[in-house]
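Okay, so here's the structure we're looking at.
Here is how names work: the chains are called A, B, and so on, in the same order as the sequence lines, proteins then strands, and each is numbered from 1. Keep in mind that the numbers below use all heavy atoms, side chains included, and drop hydrogens, waters and symmetry copies.
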Protein chains: 2
Amino acid sequence: MKKELVTLKKIAQILDLSTSTVSRALNDHPDISEATTKKVKQLAQSLNYVPNIFAKGFRKHRSNIIGVIVPNITHYFTTTMVRGILEEAAIKGYRVIISESNNDVLKQTEMLNTMMQFGVDGILASLTKMTRDIDNILPILNKVPLILFDKVSNKIPCTQITINDEEAAYNAIEHLINIGKKRIAIIKEREFSYTSEKRFSGYLKALKDHDIEIDEKIIISVDDISLIQGKRMANHLLSIKKRPDAIFAITDSAAIGVIQTLKKFNINIPEDIAVVGFSNSSHSTIIEPKLTTVDQPGEKIGKNAVKYLIEEIESTTDILTNKMIEIKGNLIIRDSTFKV
Amino acid sequence: MKKELVTLKKIAQILDLSTSTVSRALNDHPDISEATTKKVKQLAQSLNYVPNIFAKGFRKHRSNIIGVIVPNITHYFTTTMVRGILEEAAIKGYRVIISESNNDVLKQTEMLNTMMQFGVDGILASLTKMTRDIDNILPILNKVPLILFDKVSNKIPCTQITINDEEAAYNAIEHLINIGKKRIAIIKEREFSYTSEKRFSGYLKALKDHDIEIDEKIIISVDDISLIQGKRMANHLLSIKKRPDAIFAITDSAAIGVIQTLKKFNINIPEDIAVVGFSNSSHSTIIEPKLTTVDQPGEKIGKNAVKYLIEEIESTTDILTNKMIEIKGNLIIRDSTFKV
DNA sequence: CTGAAAGCGCTTACAG
DNA sequence: CTGAAAGCGCTTACAG
């Protein structure tokens, strides 16, 4: 599988120059005369010269590789973020290595270490659900820039990029209030999750601002915010005395479970009970009625994550940056809350 | 961001050994005494030594990186294959670089080249739709092992991994015949696509084997096999004189478009018209009625692709392998063809 | 404007 | 069983 390699040395020999000069010419060093530079570049091109990335990386202590860790790559929203990451990284001349933690904290730590060892220039991570044990992550910060996106944790002192969960949830609830709903349930995560808490506080705030009583009975926490749990919790909410007239599920999958259950009991959506999700997953337009939800601009999040990361990689200062960046998500109103 | 690096040299100094010995010990070279090996490994561990991957890659002309190119990373099925690739690669000690071609042939070529230049040990590619121009891809074959998966092309002499499209389509059609359908339409791709053609020939074969007349009028070819085209073609199929009593769409998204249109016209599924898709996308259980479809074992395809690729990478012979590997996909029967 | 030389951290044929 | 030495291909401080 070996090929006769074209190296700087070879080019230098042909042109009767030194490898130093050839190297400099190829890198547009100002010291080299235009004529030489041109000559070198031409030959390099015609010989199809490609620099040996390893020699280069070895020399410069730079890999131009970004490591990305996500809990689950099969989630649509995740793929849109990954797409943004790939695009932006390509533009900036970086390659992207991806790993999936499968929501396993141990695996996540292992992957962070492998990536470090592999010489990535920086890491972009979306954390597993129960990343309580920050101890495994903190050491990374001293070695390589780390930026968290989507599933973040304010316990880790680094730049974090999310969507404006609180505000978006607030808007979603306000929309429900505007269409006349007065008893709005929420299905959120039990485990501490930055995202879930933010959405919950948006919920609380909106209710308070509109003087709507907060009722613990319709604040539902689940371990695993899935379609199945959505179904289960909808069943539960239907069984309580004072039924809600709207359900806000903090993920689309749970919201879809809710809709499926409501339909099973022939409850009119949105007249009897309106439903709102979060994510604008591709399912949200397949389910009937189509789901009102918050569109999360995944690509934008991905692109921004790369931008901030490269900024840190290429920065000369060693100061730990600790920005909180919020990308705006928009409420998309569909039939599950408002029929035309 | 620099850290005091632990190198072979440092370990050697501390232990009063040569770097050669340390290197050998760490690599379990049989020449080195057990005692020394143990001593070296212990110190390496306690110093948290990690080999410099670039020095290693540089030395060995090996990156242990696999390049992966897919047309669209947001497709659920693609992500399942990617998951398989990531898993298998991790097991084998390879890292994975991913690129998205966005179904753009030019971008695809560019990416193949960047990957080559980047020193990947091998490439796994799922081709863009209209990869007619093989000329850009052939040169790769001389430089680095290439394996095609899912979207393959028999014009390129390399190992190819797909699911058993023809057989699976055959089974799908046979199922429709078994439930009493006699006039089965197909919605396939107009552009030459290996996958589409295979599924089409499975369709033809099944009809022939069951002595069912083949009618060009219900063989529909579209440019872009999407949900919208599914809707459009369902409309068309409803407009023709002798309506079909079943529709086989070669992708789930088109099948879902078909269902949505049939429902709009209050056509009973499956009694009046049954619908079958292909992929077992996550949408297929969200749509109502739930879609009968072919489950494509994406992870298995991904894992196999990696296995064959690594085999070629690590093989010493230069022979171009040209295997066609088919992974079996199973028909999943749901409400769109058969109600219990 | 150009070149000689050192060195990045590792592996490995060669020697003992 | 261990070591000295060369070399992978590149960049860069130093010298001229």
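A salt bridge links A:K92 with A:E88: the closest approach of a Lys/Arg side-chain nitrogen to an acidic carboxylate oxygen falls below 4.0 angstrom. By the 4.0 Å N-to-carboxylate-O rule, B:E312 lies too far from B:K323 to be salt-bridged with it.
Atom OH of B:Y49 has more than 12 neighbouring heavy atoms from other residues, nucleotides or ligands inside a 6.0 Å radius. Heavy atoms of other residues, nucleotides or ligands lying less than 6.0 angstrom from NZ of A:K107 number more than 12.
When heavy atoms are screened at a 4.0 angstrom cut-off, B:N52 is found touching the sugar-phosphate backbone but no base atom. Residue B:S33 is classed as a sugar-phosphate contact, given heavy-atom separations below 4.0 Å to backbone atoms only. As judged by a 4.0 angstrom heavy-atom cut-off over every strand, A:T7 is placed among residues touching the sugar-phosphate backbone only.
Each of A:R24 and B:I32 was matched to the nucleotide of DNA chain D holding its nearest heavy atom; the match closer to the 5' end belongs to B:I32. If you find the closest nucleotide of DNA chain D to B:F58 and to B:L17, the one lying nearer the 5' end belongs to B:L17. Take the nearest nucleotide of DNA chain C for B:T21 and for A:S20: the residue whose nucleotide is more 5' is A:S20.
The outermost nucleotides of DNA chain D lying under 4.0 Å from heavy atoms of chain A, listed 5' to 3', are D:dG9 to D:dC14.
The closest side-chain heavy-atom distance from A:V6 to A:I11 is below 4.5 Å.
One side chain, B:D121 or B:S63, offers a donor N or O that lies under 3.5 Å from an acceptor on the other.
The same atom, P, is picked in C:dT11 and in C:dA15; the two are 22 Å apart, to the nearest Å. Rounded to whole Å, the C1' atom of D:dT12 lies 16 Å from the corresponding atom of D:dG16.
Across every strand in view, D:dA4 sits unpaired, with no contact that passes the Watson-Crick or G-U test at under 3.5 angstrom. With a cut-off of 3.5 Å on both Watson-Crick or G-U wobble distances, the partner of C:dA13 is given as none.
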